[in-house]
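Below you'll find the structure, written out as structure tokens, and then a few comments.
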There are 2 protein chains.
Amino acid sequence: MKVTMKDIATEAKVSVATVSHVINGTKKISEEKYNSIMQIIEKYNYIPNSTAKNLRQMKTKTAGLVVSSFPDSFVTEMINGVEARARDAGYNLFLVNTNEDKKYEEETINLLYSKMVDGIILSPTSTDIGYLERFVHNGFPMVLVNRQDYNMKSIPRVTGDNYQTGYDATKHLLQHGHQKIGFIYAVRHVTTTDDRIRGYKDALKEANIPFNESYLEAGYATVNGGINAIQSLIKRESDITALFIQNDLMTIGSISMLRELNIKIPEDIAIIGFGDFASAPIIEPPVTNIVLPPETIGKTAFDVLLNKINNPNYEKNIELPPTLITRKSCGC
Amino acid sequence: MKVTMKDIATEAKVSVATVSHVINGTKKISEEKYNSIMQIIEKYNYIPNSTAKNLRQMKTKTAGLVVSSFPDSFVTEMINGVEARARDAGYNLFLVNTNEDKKYEEETINLLYSKMVDGIILSPTSTDIGYLERFVHNGFPMVLVNRQDYNMKSIPRVTGDNYQTGYDATKHLLQHGHQKIGFIYAVRHVTTTDDRIRGYKDALKEANIPFNESYLEAGYATVNGGINAIQSLIKRESDITALFIQNDLMTIGSISMLRELNIKIPEDIAIIGFGDFASAPIIEPPVTNIVLPPETIGKTAFDVLLNKINNPNYEKNIELPPTLITRKSCGC
DNA sequence: ATACATCGGTTAAACGATTAACCTAAAGGA
DNA sequence: TCCTTTAGGTTAATCGTTTAACCGATGTAT
């Protein structure tokens, strides 16, 4: 049914080796045979089977991108960055969303490995990724993106500087007189959150303000997650005067709930969100965000992976600095 | 270096066939050998090479998802839907963004085909996809998603009802007295746009209002694209009283530009956008959108593909109806 | 005249699994 | 006792390529 190289060879009355050489330009072939083979290839629309090629050559020009959540705009743009670079490099990308499911993440890595991807870019679900050790040990190219794990020093990482992100946002609010600053996040025990919390704490400490665990609030990374987080946080800590929210959808949900509660932004509560989502400038009030460059992170991650693939000894960690985009919602 | 089935077999003093049977449960193996083999597998963290398996079995449990643009929220959610179903079915997904590049689209299809994906979900860049004929002819499972091509009857499609979308949105504006309705879109000659324009035209005709080509405006599917579109449209047709905008980012850009021009929404210009993006309810005024369900479209597309993979004769086209989510921006 | 490249191919062994067909020994049935 | 199953494995072909090694003929330098 499906036409193979052998079919082409038979019809052209040459060996499959010759056909292969014609296709790959690996050996000089007489013009006569070259033309005849090419013509037959055209005639049948023959497309070589890469799986066979990959098996033989032990590489696939394929990479895996494993993210832990999805319709968050930061992750989307990051994916876009990885995809863009992959395309330029002639790589195909397996995209998998683990949905913060650690077990599924491990299965996925195994599966992608078994599919012989040349490497994997992973945004891990937890900091408990010791299971990657054996892949590292095998020389399997991986890079951590966005999130990382401080124990796995052996895997290159490309992230934003989340500590600085937490520090800068908090400092900015402190400078404008806020002392009771709520912190709304989606997932704990990932470095994106934990590092920002460290930055938050250090900024507080510098200002001699005691850290209050009760000002932290968790929620799902969705609009409703933001709504619920506000409800429970405000009920518990009604004297909060500022919020630092770690995700665009939660920020949107929070704003909507604050309005419903008749709490004015920024007069009653100032807000700093995370990530420069498209609608931020046109929301009333326009939303101040601290941002890390997701597309650059994605692109860089792929570049690093490519380097790691081509040179197993490549070692480089990249941490990109945050930028504060000041608008009205933080009251300055 | 890398441990293969042969290594396991050698160490267990059995044939590779036995190891394979143990792994796949394809034959009864004595408990003694079973345990010994399993133990060796564990010891070496042996992961079977799927590429070899795929080659032998001529299937990969892998599908391609080829979209034409990206950080648009509609596409993102659609991808999410496909990904979710793929995961449930134990499939991996190649994600490729063609960036509206038709030639690259064709190359991509070829490449994915050569990588032996079991099928492809495609959101084509144009309606000129005759090149797919040979794949169809080969019995290669494909489904068109979101966009389609009326000439390729042989490929199942899962889309929104874009004609109805254009019709309903226009009708709604007409019913509220608007006669000069601008139409901002990103790409022409794709059915999403063309069908909506047909619906727009038909609604106008029904109301005995002549169609004015000059009310249509193209732009890039970005915030800036929306900004530019408004500038050029308003300069050209200053008497427009309503807008129907085909994309979330362009809607956001448009709103921002209209504000800058001091044009009030909805008093001076009413707006209906497309797609229920997260921030729509909290923008001032909250944005009325006509929506098609992107995640459902994505999920359904994968379901159809799976059916097509398992039964080559499967034929089904699915068209999902739009819903109008009325908020303040259209003035009702 | 001798040795040596070069040209244009071919042969056959990989790559790492799966799986139909075969084999042997022991058990079961009549 | 003899024939047939069955249980538990093995052999070897196969999937569709790539590629090192080989080969014969022709040209070229010494």
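Lettering follows sequence order; numbering is per chain, from 1.
The shortest distance between the side-chain N/O atoms of T4(A) and the OP1/OP2 oxygens of dG16(D) is not below 4.0 Å. OP1 or OP2 of dT19(C) lies within a sub-4.0 Å distance of a side-chain N or O belonging to Q57(B). Contact check, S20(B) against dA17(C): no side-chain N or O comes under 4.0 Å of OP1 or OP2.
Rounded to a whole Å, the NE2 atom of H21(B) is 16 Å from the P atom of dA12(D). Taking atom NZ on K59(A) and atom P on dT17(D), their separation rounds to 17 Å, with Å as the unit. Rounding to whole angstrom units, NZ of residue K27(A) and P of dT6(C) are separated by 13 Å. What separates CD1 of I23(B) from P of dA17(C) is a distance of 8 Å, to the nearest Å. Per the geometry, CD1 belonging to I41(A) stands 10 Å off P belonging to dT17(D), to the nearest Å. In this structure, K2(B) atom NZ and dG16(C) atom P are separated by 9 Å, rounded to whole Å. Counting to the nearest Å, the P atom of dT18(D) and the CG atom of N24(A) are 5 Å from each other. For the pair K33(B) NZ and dT10(D) C1', the interatomic distance rounds to 11 Å; values are reported in whole Å.
Candidate nucleotides dT14(D), dG16(D), dG8(D) were compared by shortest atom distance to the side chain of A52(A), and dG16(D) ranks first. Comparing dT17(D), dT19(D), dT18(C) against the side chain of M5(A) picks out dT17(D) as the nearest. In this structure, of dA14(C), dT14(D), dG9(D), it is dG9(D) that holds the atom nearest to the side chain of T18(B). In the set dA13(C), dT18(C), dA12(C), dT18(C) carries the atom at the smallest distance from any side-chain atom of R56(B). Of the candidates dT18(C), dT10(C), dG9(C), dG9(C) carries the atom nearest the S30(A) side chain, counting heavy atoms from C-beta on. Of all nucleotides listed (dG9(C), dT17(D), dG8(D)), dG9(C) comes nearest to the side chain of I29(A).
A donor and an acceptor atom, one from each side chain of N92(A) and T62(A), are nowhere located under 3.5 Å apart. For N307(B) and K316(B), the side-chain atoms include no donor-acceptor pair closer than 3.5 Å. Using modelled atom types and a 3.5 Å distance limit, the side chains of Y113(B) and N138(B) yield a donor-acceptor pair.
Within 4.0 Å of Y46(A), counting heavy atoms only, lie sugar-phosphate atoms of the nucleic acid but no base atom. Backbone-only engagement by M58(A) is indicated by non-hydrogen atom pairs under 4.0 Å involving sugar-phosphate atoms exclusively.
Both E31(B) and P48(A) lie near DNA chain D, and the one whose nearest nucleotide falls closer to the 5' end is E31(B). Residue order along DNA chain C, read from the 5' end via each residue's closest nucleotide, puts L55(B) first among L55(B) and T26(B).
Listed for the T300(B) side chain is a donor-acceptor partner under 3.5 Å among the backbone atoms of T296(B). No donor-acceptor pair closer than 3.5 Å links the side chain of S20(A) to the backbone N or O of V16(A). Of the possible polar contacts, none joining the N80(A) side chain to the T76(A) backbone as a donor-acceptor pair under 3.5 Å is found.
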